[in-house]
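Read the structure below first, then the notes.
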Amino acid sequence: QVQLVESGGGLVQAGGSLRLSCAASGRTFSSYTMGWFRQAPGKEREFVAAIRWTFGTTYYADSVKGRFTISRDNAKITVYLQMNSLRPEDTAVYYCAAGVLSAWGTVTKDVRRYDYWGQGTQVTVSS
């Protein structure tokens, strides 16, 4: 059974940093794309960043490019999201997701392409 467990959320002031972790288990993820999404109250879930597990190729939403970095640790089977220069508009529940994507680019941002999801971790950025 696939499990994705997020951690690392919390309360931080604007301009601060947080690192989210997503521990994956239950299968081999070498063929998977791992994504981070977020959902603010009253808004749809939106794409943040993704990484291809085998190649390490990354993809970012324009809103976080240059501030957030996604990475993975093969030995720990864990995906990270380093978030710097945080803004109040980054406040949301952040979700880790895994899926086998046949393409790269626009489809990477599609929530429907991901089969497995974590429970989410709250990130709150105060102004």
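Values in this document were obtained by computation on a predicted structure and should not be read as measured data. Here, residue 1 is the first one in the sequence, and each next residue gets the next number.
Counting heavy atoms from C-beta outward, Y116 and M34 have side chains that stay 4.5 Å or more apart. Between L18 and V123, the closest side-chain pair of non-hydrogen atoms falls below 4.5 Å. Within the 4.5 Å cutoff, the side chain of E46 has no heavy atoms near those of the F37 side chain. By the 4.5 Å heavy-atom criterion applied to side chains, V79 and I51 are counted as neighbours. Side-chain contact between R67 and D90 is present, with heavy atoms from C-beta onward closer than 4.5 Å. The shortest distance between side-chain heavy atoms of T91 and Q122 falls below 4.5 Å. The shortest side-chain heavy-atom distance between I70 and Y60 falls under the 4.5 Å cut-off. For the pair D110 and T108, the minimum side-chain heavy-atom distance is 4.5 Å or more.
Residues P88 and S127 share a closest heavy-atom pair of CG-CB, 3.8 Å. Considering all non-hydrogen atoms of both residues, A24 and L4 come closest at CB-CD2, 3.6 Å. Heavy-atom minimum distance, R113 versus V107: CG-O, 3.4 Å. Among all heavy-atom pairs drawn from Y114 and G35, the shortest one is CE2-N, 3.9 Å.
If you check the side chains of D73 and T78, you find no donor sitting under 3.5 Å from an acceptor. Side-chain N/O atoms of Y32 and R27 include a donor and acceptor closer than 3.5 Å.
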_Check against ring-ring contact (aromatic ring centres under 6.0 Å, His included), W36 and F68_ = CA-CA 11 Å; W36 284 99; F68 291 11; 10.0 Å; no
*Given L20 and M83, is the side chain to side chain contact (heavy atoms under 4.5 Å, CB included) satisfied, shown in steps?*
CA-CA 8 Å; L20 305 183; M83 305 185 296; 3.8 Å; yes
*Verify side chain to side chain contact (heavy atoms under 4.5 Å, CB included) between L81 and V48, making sure each step is shown before the conclusion.*
CA-CA 9 Å; L81 185 68; V48 176; 4.1 Å; yes
*Would you sort out whether R52 and T54 count as a side chain to side chain contact (heavy atoms under 4.5 Å, CB included), showing the intermediate values?*
CA-CA 6 Å; R52 278 179 161 171; T54 298; over 6 Å; no
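Although no hydrogens or angles enter the test, the distance criterion places a donor-acceptor pair under 3.5 Å between the side chain of T121 and the main chain of G9. Between the side chain of E6 and the backbone N or O of G120 there is at least one donor-acceptor pair closer than 3.5 Å. Side-chain atoms of R72 come within 3.5 Å of backbone N or O of W53 as a donor-acceptor pair. Listed for the S85 side chain is no donor-acceptor partner under 3.5 Å among the backbone atoms of G15.
A continuous path of ILVMFWY side-chain contacts below 4.5 Å connects V2 to V100, so both sit in one hydrophobic cluster.
Look at D62 and K65 and you find a salt bridge, because one of the NZ, NE, NH1 or NH2 atoms lies within 4.0 Å of a carboxylate O, short of that distance.
Figure legend: R38 and Y94 shown without cation-pi pairing, the cationic atom not lying both under 6.0 angstrom from the six-membered ring centre and within 45 degrees of its axis.
Under the 30°/60° scheme for interplanar angles, the aromatic rings of F47 and Y59 are found to be tilted.
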